[in-house]
> 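A single structure is presented below for examination.
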Amino acid sequence: MAWKVQRLDPERSRRRMQLLAELAGAKSVRERSQPRRAQGDRLRELIATRRRLAS
């Protein structure tokens with residue numbers, strides 16, 4: 001059976017690119033809304049947890 005090369009649907013491709021752009025925008029908004037201190041606290045907690053598990 002011969003393989004067919006599927007042509008990309010331009011509308012589907014456009015919708016996919018739009019969705020990816022919206023996701024990237026939402027991620028950047030979420031990262032900006034978190035204060036630096038909260039991010040630092042979370043990082044310290046993750047490091048402490050990793051050290052406890054490694055011991």
Side-chain angles (χ1 to χ4, degrees):
M1 180 161 56
W3 291 95
K4 282 188 179 180
V5 176
Q6 293 183 351
R7 300 181 95 192
L8 295 176
D9 179 14
E11 179 63 20
R12 182 177 178 195
S13 180
R14 185 192 64 76
R15 284 192 316 248
R16 182 177 184 271
M17 292 302 293
Q18 183 179 7
L19 177 63
L20 290 174
E22 289 174 7
L23 287 172
K27 181 180 179 184
S28 68
V29 167
R30 187 176 64 239
E31 287 175 350
R32 275 184 279 152
S33 67
Q34 275 188 336
R36 281 278 195 202
R37 182 174 176 181
Q39 289 178 348
D41 291 344
R42 184 168 182 268
L43 182 59
R44 281 189 285 282
E45 288 174 15
L46 290 171
I47 291 169
T49 301
R50 183 170 180 229
R51 285 181 178 159
R52 280 193 301 270
L53 292 174
S55 297

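In what follows, residues are counted from 1 in the order of the sequence shown.
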> Any side-chain heavy atom of Q18 sitting closer than 4.5 Å to one from E22?
yes

> Between R14 and E11, does any NZ, NE, NH1 or NH2 come within less than 4.0 Å of an OD or OE carboxylate oxygen?
yes

> Given I47, which of E45, R51, R44 fulfils the side chain to side chain contact (heavy atoms under 4.5 Å, CB included) condition?
R51

> Could you verify whether a donor N or O on one side chain and an acceptor N or O on the other, from R16 and S13, lie under 3.5 Å apart?
no

